[in-house]
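See below for the structure under consideration.
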Amino acid sequence: MKLTRLRVYPVKSCAGIELTEAVLDDFGIANDRRWLIVDRDNVALTQRGEPRMAWIRPSLRDGGLRLDAPGRAPLSVSPADHGERAVTVWDDQVLAVDAGDGAAAWLSSFLERPVRLVLMPDRTFRRVDPDYCSENRRVSLPMRSRS
């Protein structure tokens with residue numbers, strides 16, 4: 001097997017960032033899919049339902065994010081806690097922190113529907129599906145817990 005590309009996706013279902021090397025943490029690749037866009041019911045959005053998400057280009061900045069999208073001024077987002085939300089990712093509910101009204105307004109305007117940006121903080125535990133790992137390990141936001 002030969003690895004030809006490595007990417008990190010800071011915001012689930014948005015554009016990725018090409019890496020030349022990766023740091024691993026307890027969730028997997030550091031900064032991978034720790035941010036999430038949710039609808040008004042706090043359910044995760046993906047490109048399958050919102051194809052415009054592919055045009056949102058996150059970059060990592062000083063512990064937070066910068067979001068770029070066509071026709072929009074860039075937005076800087078810090079991981080400040082603007083309240084906790086229980087969000088649904090596939091079949092799981094996880095605790096996330098809201099990124100604030102500025103991020104929500106920017107993303108809602110671009111996606112043309114009310115949405116919020118949330119961060120899965122280090123204290124959140126989302127268990128890896130036991131069908132794939134018998135150890136009590138955690139995972140960030142990318143995979144389904146059950147098919």
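Taken from CG in L117 to SG in C14, the straight-line distance is 8.5 Å, to the nearest 0.5 Å. To the nearest 0.5 Å, atom CG of residue N42 and atom CD of residue Q93 are 8.5 Å apart. Distance OH/Y9 to CG/N31: 14.5 Å, rounded to 0.5 Å. We find the CD-NZ distance between Q47 and K12 to be 9.5 Å, quoted to the nearest 0.5 Å. Once rounded to the nearest 0.5 Å, the distance linking CG of L60 with CZ of R66 reads 12.5 Å. I37 CD1 to F110 CZ: the interatomic distance, rounded to the nearest 0.5 Å, is 9.5 Å.
Partner of V87 under the side chain to side chain contact (heavy atoms under 4.5 Å, CB included) criterion, out of D98, L95, D41, V38: V38 alone.
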- Report the C-alpha separation of L6 and I29 in whole Å, then their side-chain angles, then the decisive distance to 0.1 Å, and conclude whether the side-chain contact (heavy atoms from CB on, under 4.5 Å) test is met. CA-CA 10 Å; L6 184 60; I29 296 176; 3.9 Å; yes

- Task: Run the numbers on L111 and M53 for side-chain contact (heavy atoms from CB on, under 4.5 Å), then give the verdict.
- Result: CA-CA 7 Å; L111 295 175; M53 289 175 69; 4.0 Å; yes

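Side-chain contact between L119 and L65 is absent, with no heavy atoms from C-beta onward closer than 4.5 Å. For the pair P70 and R57, the minimum side-chain heavy-atom distance is below 4.5 Å. A heavy-atom distance below 4.5 Å is found between the side chains of W35 and V77. The closest side-chain heavy-atom distance from I56 to V11 is not below 4.5 Å.
Linking ILVMFWY side-chain heavy atoms closer than 4.5 Å, directly or via other members, places V8 and L24 in a single hydrophobic cluster. Clustering ILVMFWY residues whenever any of their side-chain heavy atoms sit less than 4.5 angstrom apart, transitively, puts L45 in the very cluster that holds L75. Under the 4.5 Å side-chain heavy-atom criterion for Ile, Leu, Val, Met, Phe, Trp and Tyr, V97 and V43 are members of distinct hydrophobic clusters.
Between A15 and P58, the closest heavy-atom pair is O-CD, 3.4 Å. Listed here is the closest heavy atom pair of R40 and P114: NH2-CG, 2.7 Å. Scanning all heavy atoms of the two residues, the minimum distance from S59 to I17 falls at CA-CD1, 3.9 Å.
Counting only distance, with no hydrogens or angles, the side chain of W106 and the backbone of P74 share no donor-acceptor pair below 3.5 Å.
A salt bridge links R113 with E50: the closest approach of a Lys/Arg side-chain nitrogen to an acidic carboxylate oxygen falls below 4.0 angstrom. A salt bridge between D101 and R116 is present, with a side-chain N of the basic residue lying under 4.0 Å from a carboxylate O of the acidic one.
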